[in-house]
Each structure stands twice: as C-alpha cells, then as structure tokens.
> 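Sharing a structure below in structure tokens format, with a few things to ask.
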Amino acid sequence: MKRRTLLGAALAGAVMTPALASGTARAADPGPSLTLTGTTTLDTQAIFFVSYDGLVNNNAFQKNGLLTYKGYQYAVWYTADRGAVVGRRALGATTWSTVKVGHTLRYDDSHNVISMGISKVDGRLHLNMDSHSDGFTYVKSVAGLMDNPAGLSWTASRFGAPRSTMDGLALTSQFTYPQFISTPDGGLQLSYRVAVSGNGRNALAEYDGSTWTDLGEWSSSTGTYTSEHGSSTARNMYLHGIDYDRGGRLHSFFTWREQNGAVMCNGGGITNHDTGYVYSDDRGRTWHNNAGTVVGTTGGSDKVAVTDSGLVIDAINPDHSLMNQESQFTDSAGLPHAIISYVPGRFGQCTTDYVADRTANGRAFHVRKNASGTWQKTEIPVPLNSSQRTKLILDKYDNAYAIFPFCRMAGASKASGYTDWTVLYDGVTAGLNAFGEVVIDETRVGQDHYLSIMYQEKSSGTTPSALRNLNFRLPA
C-alpha cells in the first residue's frame, strides 16, 4: 500500500550534513557533556526476573519510574519480597527514604511496571502499576504531599489504600502501559492501551484535582495494511512517548504493530512498521498529522488509523525488526525529536531472528523536525549490541543525548546539526554491570540540568540484585 511519507526510507543510514541542520546555535553555546557526580543505591535486593527480555523495575517505556519535583527526587520499584515501594530523597542526598504502598506484584511479567504522576493542582503523587492486558492497581497520596516534602513525613499514612479503579473509574479490563502526563494547567492525564498487542487502542483519562474522567480512545486498531508479503486487518499503535512541550502542544511519535505475521518476510522478525507522528493542541481531544489536518478525535468515531494520510514520517516495512516504544523529547522551541532503532538495509532486507539480528546489526537513529518544518534523520554511529531500547534527552542548549542499554551514552551538538555523535560515557567499561534498559528522570533535566538514571545490576534466575541511581551534570 502506498502512503505519503515525510521522510523516505532511502534516508536510512544517512548522516545529514551541517547545512541541513535544524536552527543555528549561538557560538557561545557549549556542546554535549556529562560529568559524573555520584551514584546512590535505592535497594540492594530488588526483585529480579527476566521476561520479554526485560526487567519489571527497568523498562524504558516505564514513564516516570523516576521523577523530580520541588527539590526532591522520587522512584518506584518492587522489592525482593514483591512489595511495591515508592522512595524519595532530597536532591544531593545519598540515601533514600522508602514507603511500601500495600501492593504485591502478581506475576513475573516485566510489563507490570510502576508509573508515577504528579497532579500539581492538588500536590498529589499518583501510582499506577501491575498490569498487562488485565486489571491495574492505583494508589495516590494525600493532597499537598508533593508541595511540602521537607515538612511532611514520608510514611505509609500519607498514601491511600490500593484500588482497582481510578477513584471509582474502572477504564478497561484489558489495561496496559500506564503513562502519566502533567498538563500545562496543573492537572494530570493518564495514557494507556485498551485490549492486547496487535489489536489494541490508545486512550486517555484526566484528573482535575478531584475527579478522574475517561476521555476515551483515540487510535484505531482497524483498517487494512498491506506489505509486499501480505495483509493485516488488525494492529495497535505503540507510542514512543506522549509529552507536552513548553507551549502546551502534546506530541506523540509511534509505530504500528500488525496482528498478522503474513506481512513479514520471516516469522522470526516482528510486525512493527513505520514511524508516525501526531500532535494535539487541545489537551488530547483532537489529533493532527504533521500537515495540521485533523486525523482523530478522542472518544469520537474518527480515530487515528493506519489508513490515514500524512502520519508516516519515516517509512520502513516489517522486515527490519523496528523497535516499538523507544523514546522522544521536545526541544526549547517545541520541536519534536525521537530515537528509533532497527536493522538497516545494508545488513540485509529480511531479519529472521528479532533478538539476534538487532543485537548483531541494530542501529539507533535520531529523527527530528527542524525549524523550517522538515523532518531529518541521522544514524547514531554506535552499535546497539542489544535488542533493547535507547532513551533520548535534550539539554538546555538542545544538545541531544542517547542513553543506550547498559548505561552507554552518546551526545551530539545542535550546532553540528546533530551530526557529531560521540560516546560520552560507557557503563560497560565503567563496570556498572547494568542489565540492559534503563529508566530516565525526564523531569529533572529541565529543573537543575542533571541526567539522572535508574538501572539494575545483572543477576541470574530470580536472584535479587541492586537497583542504583546514576547522576550526571549537564551543561548549564
């Protein structure tokens, strides 16, 4: 099926020249740099088991497993006895205070992560956890806890009892991928998937300081997608993220996963295809493609669908083991950036083993929109050496940083047009013994110019291992 794309597959593997750079940085702006300032230990005995090639405490799609607010940093994880824990520390402190919130992890499933959100309108911390296409558990703090951390004790009495609804709002019996988003007006939204992989829809709920409201679904699982190998009539949209920029626009990159494996060249691959992009200027009520055309309405009959035009910004078929749920960030001008990864065509046009082929030949790419509205793409010249996901942040000067599995990090300057990617830190040679994917504190970057990372040490079987927090100072 031919669909209009904004960044052709012919750019795969290409490195853009500085002449095509997005914007011009001031001469005085520094390039990317990382200064290690220390490591803290959250738990010496965190739960450890590998499922879907990941850990329940360190899945890169776990939005806000680590966050910073009003001088304190917060983290969530499961302990060796499967208890859900929320911890906090004053920035600069080396020890964490922890509270068990009364929930026990049900299954050895790495999807069942804990995600945090803050409703600034009433100063509450919200947790959603332990779900993979089934029910979830929800916990929220008392009002004002996040506004006065130094004056309020960190105890279990500050949190309500675990619930199977969002204060009475059930949402769906097939719930996965909770992601909290603080809204520009101080409220809180919850992004989640309804139904199952290969046949699911994205949806939003919203909290106004007193009540949760179901806004409804906004992506469609129906329509026909046809590759050169076959067709599929069901799928789901996997989000690389969902984030507000400084101006209040809500951005989301995504990839599609088809239900029918007939669209692939080989059953050992994965049915993910294409990188798409949509945005909303009304808090997620209506969604626009890159050209500004409305392509979906949340809770309405017209949802964002694979057959809509103008969604695809980088076309790639299902034969290259494209990763889902990778990473995105917006720069100081509100321009969207993303990391995607797959096996480039120079290594062959048909992956036959998703994990092995990505580990051997997978590469990450930096995709972004420049100031003139053109999409650009640069291959990051660092082998993945992993089948897993890479994270992305941008610093105060819009320099880009890719955080690879095992705490390997590279940076590129805005001044170069993001063509000068250089390894800045290697957690492998540093002896961190990190398992793979890591959790990033996306909120801290803009508050005090630090890159803060949560990672778990490798273990074997179900032997618990240490969960640690690594901190780097960025240019300020």
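Computed from heavy atoms alone, side chains included, the values below leave out hydrogens, waters and symmetry copies. When a residue number appears, it is its place in the shown sequence, counting from 1. In this text, all values refer to a predicted model and were calculated from it rather than measured experimentally.
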> Using a 3.5 Å distance criterion without hydrogens, assess whether the side chain of Ser119 forms a donor-acceptor pair with backbone atoms of Val121.
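Answer holds: no.
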> Start with the C-alpha gap between His366 and Phe329, add the side-chain angles, then the distance that decides, and say whether ring-ring contact (aromatic ring centres under 6.0 Å, His included) holds.
CA-CA 11 Å; His366 175 208; Phe329 216 83; over 10 Å; no
> Can a donor-acceptor pair be found between the side chains of Tyr401 and Asp395 at a distance below 3.5 Å?
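Result is yes, a qualifying pair exists.
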> Can you say whether the rings of Trp256 and Phe254 are parallel (under 30°), tilted (30 to 60°) or perpendicular (over 60°)?
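Geometry flag for Phe254 against Trp256: perpendicular rings.
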> Could you walk me through whether Thr37 and Asn471 pass the side chain to side chain donor-acceptor pair (under 3.5 Å) test, one step at a time?
CA-CA 6 Å; Thr37 61; Asn471 298 284; 5.4 Å; no
> If you apply the rule side chain to side chain donor-acceptor pair (under 3.5 Å), what do you find for Ser115 with Gln179, and how did you get there?
CA-CA 6 Å; Ser115 293; Gln179 296 190 72; over 6 Å; no
> Is Arg358 reaching over with its side chain to a backbone N or O of Ser321, donor-acceptor style, under 3.5 angstrom?
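Yes.
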> Tell me, with the steps shown, if Thr40 and Asn469 meet side chain to side chain donor-acceptor pair (under 3.5 Å).
CA-CA 5 Å; Thr40 70; Asn469 163 235; 3.0 Å; yes
> How are the rings of Tyr342 and Phe365 set relative to one another: parallel (under 30°), tilted (30 to 60°) or perpendicular (over 60°)?
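If you compare the ring of Tyr342 with that of Phe365, the planes turn out parallel.
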> Are Lys414 and Asp29 within salt-bridge range, i.e. N to O under 4.0 Å?
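Salt bridge flag = no for Asp29 with Lys414.
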> So that I can tick it off, tell me whether Glu379 and Arg346 are bridged by a salt bridge, with the cut-off set at under 4.0 angstrom between side-chain N and carboxylate O.
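A salt bridge links Arg346 with Glu379.
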> Within the 4.5 Å heavy-atom criterion, are Glu206 and Gln189 side-chain neighbours or not?
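They are in contact (side-chain heavy atoms under 4.5 Å apart), so the answer is yes.
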> Could you go through the side-chain contact (heavy atoms from CB on, under 4.5 Å) check for Val56 and Asp109 one step at a time?
CA-CA 7 Å; Val56 72; Asp109 186 332; over 6 Å; no
> Decide side-chain contact (heavy atoms from CB on, under 4.5 Å) for Thr359 and Leu384; before the verdict, give the C-alpha distance in whole Å, the side-chain angles of both, and the deciding distance to 0.1 Å.
CA-CA 6 Å; Thr359 302; Leu384 291 181; over 6 Å; no
> Only one of Arg257, Arg235, His320, Gln325 forms a side chain to side chain donor-acceptor pair (under 3.5 Å) with Asn272, so which one is it?
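Going through the options one by one, the only one that passes is Arg257.
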> Apply ring-ring contact (aromatic ring centres under 6.0 Å, His included) to Trp154 and Phe159, showing your working.
CA-CA 9 Å; Trp154 190 246; Phe159 293 86; 5.4 Å; yes
> When you measure from the side chain of Thr255 to the backbone of His273, do you find a donor-acceptor pair of N or O atoms at a distance under 3.5 Å?
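Yes, because the side chain of Thr255 sits within donor-acceptor range (under 3.5 Å) of the backbone of His273.
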> Looking at Asn399 and Gly31, what are the two nearest heavy atoms and their distance?
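Shortest heavy-atom contact: ND2-C, 3.3 Å.
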> For residues Ser341 and Glu326, is any side-chain donor paired with an opposing acceptor at under 3.5 Å?
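Present: a donor and an acceptor within the cut-off.
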> Heavy atoms only: give me the nearest Ser110-Phe49 pair and the separation to one decimal.
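Result for this residue pair: N-CE1, 3.8 Å.
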> Donor-acceptor pair, Thr378 side chain versus Gln376 backbone, under 3.5 Å?
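Here the side-chain-to-backbone pair does not exist.
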> Drop me the distance from His337's NE2 to Arg368's CZ, to the nearest 0.5 angstrom.
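Rounded to the nearest 0.5 Å, the NE2-CZ separation comes out at 7.5 Å.
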> Within the side chain of Thr443, is there an N or O that forms a donor-acceptor pair under 3.5 Å with the backbone of Leu67?
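Side chain of Thr443 to backbone of Leu67: no pair is present.
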> Determine yes or no for a side-chain-to-main-chain donor-acceptor pair under 3.5 angstrom, with Ser131 supplying the side chain and Gly135 the backbone.
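Here the side-chain-to-backbone pair does not exist.
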> State, to 0.1 Å, how close Thr390 and Ala364 come at their nearest heavy-atom pair, and which atoms those are.
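Thr390 and Ala364 have their closest heavy atoms at OG1-CB, 4.5 Å.
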> Which of parallel (below 30°), tilted (30 to 60°) and perpendicular (above 60°) describes Phe253 and Tyr277?
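If you compare the ring of Phe253 with that of Tyr277, the planes turn out tilted.
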> Name all residues meeting the salt bridge (Lys or Arg N to Asp or Glu O under 4.0 Å) criterion together with Lys63; count only those two or more places apart in sequence or in a different chain, and write none if there are none.
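Here the qualifying residues are Asp243, Glu442.
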> Run the side-chain contact (heavy atoms from CB on, under 4.5 Å) check on Ile47 and Arg82 step by step: do they pass?
CA-CA 7 Å; Ile47 194 170; Arg82 310 180 75 83; 3.7 Å; yes
> Parallel, tilted or perpendicular: which one describes the rings of His126 and Tyr207, with boundaries at 30° and 60°?
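Because their plane-to-plane angle is over 60°, the rings of His126 and Tyr207 count as perpendicular.
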> With distance as the sole criterion, is a donor-acceptor pair present between the side chains of Arg468 and Thr41 under 3.5 Å?
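Side-chain D/A pair, Arg468 to Thr41: present.
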> Nearest heavy-atom pair of Ser280 and Gly284: which atoms, and what distance?
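Result for this residue pair: OG-N, 2.9 Å.
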> Kindly assign one of parallel, tilted or perpendicular to the pair Phe175 and Tyr192, based on the angle between their ring planes and the thresholds 30° and 60°.
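Parallel, since the angle between the ring planes stays under 30°.
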> Please confirm whether Arg408 makes a cation-pi placement over Phe406, using NZ or CZ under 6.0 Å from the six-membered ring centre and within 45° of the ring normal.
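Cation-pi check for Arg408 and Phe406: fails.
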> Is it the case that the side chain of Ser173 and the backbone of Asp134 share a donor-acceptor pair, with hydrogens and angles ignored and the cut-off at 3.5 Å?
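Checked: no pair found.
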> Using the six-membered ring of Tyr279, assess whether NZ or CZ of Arg249 lies under 6.0 Å from its centre and within 45 degrees of the ring axis.
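That pair qualifies as a cation-pi contact.
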> Would you find a donor on one side and an acceptor on the other, under 3.5 Å apart, between the side chain of Trp96 and the backbone of Leu42?
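Checking the backbone N and O of Leu42 against the side chain of Trp96, no donor-acceptor pair under 3.5 Å is found.
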> Regarding Ser232 and Glu258, do their side chains bring together a donor and an acceptor under 3.5 Å, going by distance alone?
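Per modelled atom types, Ser232 and Glu258 side chains form a pair under 3.5 Å.
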> Using side-chain contact (heavy atoms from CB on, under 4.5 Å), reason through His240 and Ser327 one step at a time and then give a plain yes or no.
CA-CA 5 Å; His240 289 308; Ser327 189; 6.0 Å; no
> Salt bridge between Arg473 and Asp448, side-chain N to carboxylate O under 4.0 Å?
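Looking at Arg473 and Asp448, the cut-off is not met.
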> Does a salt bridge link Lys369 with Asp331, judged by any charged N lying under 4.0 Å from a carboxylate O?
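Result for this pair is no, no salt bridge flagged.
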> So, do Leu467 and Asn58 sit near enough that their side-chain heavy atoms are less than 4.5 Å apart?
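The answer is yes; the side chains approach within 4.5 Å.
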> How close do His111 and Asn59 get, heavy atom to heavy atom, and via which atoms?
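Nearest pair, atom of His111 first, then Asn59: N-ND2, 4.2 Å.
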> Indicate yes or no for a side-chain donor-acceptor contact from Ser465 to the backbone of Glu457 under 3.5 Å, with no hydrogens or angles considered.
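Checked: pair present.
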> Among side-chain atoms of Gln388 and Asp53, is any donor-acceptor pair under 3.5 angstrom?
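Result is no, nothing qualifies.
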> Will you find, in the side chains of Ser460 and Thr463, an N or O donor that is under 3.5 Å from an N or O acceptor?
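No - no donor-acceptor pair under 3.5 Å links their side chains.
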> Answer with yes or no whether the side chains of Asp108 and Ser51 bring together a donor and an acceptor at under 3.5 Å.
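No.
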> Is atom NZ of Lys458 surrounded by more than 12 heavy atoms (other residues, nucleotides or ligands) closer than 6.0 Å?
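More than 12 within 6.0 Å, yes.
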> Please tell me whether Asp130 and Thr137 have a donor and an acceptor in their side chains that are separated by less than 3.5 angstrom.
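No, no side-chain donor-acceptor pair sits under 3.5 Å.
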> Mind listing the closest non-hydrogen atom pair of Leu239 and Ser191 along with its distance?
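Looking at all heavy atoms of both residues, the closest pair is CD1-OG, 3.8 Å.
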> Parallel, tilted or perpendicular: which one describes the rings of Tyr177 and Phe61, with boundaries at 30° and 60°?
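It falls in the perpendicular class, over 60°.
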> Look only at the side chain of Asn57 and the backbone of Ala46, and say whether a donor-acceptor pair between them is shorter than 3.5 Å.
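Between the backbone of Ala46 and the side chain of Asn57 there is no qualifying donor-acceptor contact (under 3.5 Å).
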> For Ser413 and Tyr397, does a side-chain donor sit closer than 3.5 Å to a side-chain acceptor?
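No, no side-chain donor-acceptor contact under 3.5 Å.
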> Is there a side-chain contact between Ser221 and Asn236 in this structure, where contact means two heavy atoms from C-beta onward sitting under 4.5 Å apart?
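Contact flag for Ser221/Asn236 side chains = no.
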